[in-house]
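This report concerns only the one structure given below.
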Amino acid sequence: MKTRGAVVRQTPGTWEILEIDMDEPRQGELVLDMVASGLCHSDDHFCTGDLPPGILPFAGGHEGAGIVRQVGPNTPGWEVGDHVVLSFLPGCGLCRWCASGMQNLCDLGANTLTGCRTDGSYRMRVNGQPIGQAAGISTFCEQTLVDVSSCVKVDKDIPLEKAVLVGCGVGTGWGSAVNAAETKPGHTTIVMGIGGIGINAVQGAKHAGATHVIAVDPIEFKREMAQKMGATHVFASMDEAADFARSVTNGQGADAAIVTTGILKTEHVAQAFQAIRKAGTVVVTAVGNVNEEVRVPAFELTLFQKRVQGAIFGASSPSRDIPWMLRMYQSGQLCLDELITTTYRLEDINQGYADMHAGKNIRGVIVY
Ligand code: CXF
Ligand code: ZN
């Protein structure tokens, strides 16, 4: 069948809306009519080449929600009309990581950047040439073909154009504070960079009971949003945030600093590292160029027993945490509606990314 989607043909490049030929679903696959797709910064990294796609052309999008249009043969548990939030990290349920409550590290995640299935096959083509699917789900397509391991079925009374956000931004940010930073009541937590991820780290830190939720961003609109979403203090720079954290902790420093900048640079981690207390935690959630390295003072790492903790999808398990986050949304404990600054048509995707770069959006969302 044919679909239309945003594809990057070369890096650095921009999104082009192309007609795409999509294979028929085979066992364990679904065709989805997409309802919405979030404009996450990581897809922009595919365009810049900071995260190099395994194959070009590459159909983008890894935060999406849709409705099942077609079910592959012998694929139990799925029906036409089911509502789905896609997870950019698949879960097989069988590997060591899935079996240990670390579904975000499922071995199937190895194909997030390759764009192919585990058997090496590509499921979409442009002019007869195979193309990759971002995270195997290519949510910037009107219809997409996905493996059921990337699908989380959700209740039909939850609006998919809001639920879409839990597939990446919300799970990544919220989990970075709650799971990776292990925020506890009374903590002082710094969130460095308020975008689609950082704003949810603010929500997570607040939810976990941090007394001081300190949001850092040079853009005033972002700081205002952070205050609306639970930040107790906001600063334009890390120096000011670190000084404040020390001033409220007897000079000790923040319990955790969560790095959620748009593009990870080693100096962000160094600033976060300076801001935390002994045995405190820096959570590195932001994604940078594939060759970026992190340097921190080894002396402090050892003698102050500081921790640098990476986190993918906020150390959340998609099959468990996506429904939980939506339950919190329904009960009013987690804000989603407020996160969406602007909605776009698929055709306007490059405008959406221009707005993100201009600092105008917390989250832009394509609505199909
Ligand atoms: C990213 C991580 C790198 C691959 C694409 C998704 N995570 C969140 O945006
Ligand atoms: Zn993302």
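Numbers for residues simply follow the sequence, beginning at 1. Note that the structure is a prediction, hence the values are computed from the model and not measured. Counting starts at 1 for both ligands and their atoms, in listed order.
Residue-level check: among N/O/S atoms of H62, NE2 sits closest to the Zn ion (ligand 2).
Under 3.5 Å, the side chains of Q203 and N200 contain a donor-acceptor pair of N or O atoms. Of the N and O atoms on the side chains of D147 and S150, not one donor lies less than 3.5 Å from an acceptor on the other residue. For the residue pair D155 and H83, no side-chain donor N or O sits within less than 3.5 Å of a side-chain acceptor on the partner. If you check the side chains of D239 and S237, you find no donor sitting under 3.5 Å from an acceptor. A side-chain donor from one of T285 and S176 sits under 3.5 Å from a side-chain acceptor of the other. Between the side chains of H45 and N289, no donor N or O sits under 3.5 Å from an acceptor N or O.
No part of F313 comes within 4.0 Å of ligand 1, judged by heavy-atom distances.
Atoms of ligand 1 lying under 4.0 Å from any heavy atom of F88, numbered from 1 in the order shown and given with element: 6 (C), 7 (N), 8 (C). Below 4.0 Å from some heavy atom of C40 lie the following atoms of ligand 1, by number and element: 9 (O). Each of the following atoms of ligand 1 lies closer than 4.0 Å to a heavy atom of T112: 4 (C). Per-residue contacts place C168 under 4.0 angstrom from the following atoms of ligand 1 (heavy atoms of the residue considered): 8 (C), 9 (O).
The aromatic rings of F235 and F244 lie tilted to each other, with the angle between the two planes from 30° to 60°. In this pair, H233 and H212 present their aromatic rings tilted. The plane angle is within the 30 to 60° band.
At a 4.0 Å cut-off, not a single heavy atom of T172 sits close enough to ligand 1 to count as contact.
Taking 2.8 Å as the criterion, H41 does not count as a coordinating residue of the Zn ion (ligand 2), since none of its N, O or S atoms falls below it.
Nearest protein neighbour of atom 2 (C) of ligand 1, counting heavy atoms only, is I312 CD1, 3.8 Å. Residue, atom and distance of the protein heavy atom nearest to atom 3 (C) of ligand 1 are L51 CD1, 3.9 Å.
Remark: ligand 1 and H62 share an N or O pair separated by less than 3.5 Å (distance only, no angle test). Any N or O atom pair closer than 3.5 Å counts here, and S42 shares at least one such pair with ligand 1.
Rounded to 10 degrees, the SG-metal-SG angle spanning C40 and C168 at the Zn ion (ligand 2) equals 130°.
Geometrically, K360 does not engage F221 in a cation-pi contact defined by less than 6.0 Å to the ring centre and at most 45° from the axis.
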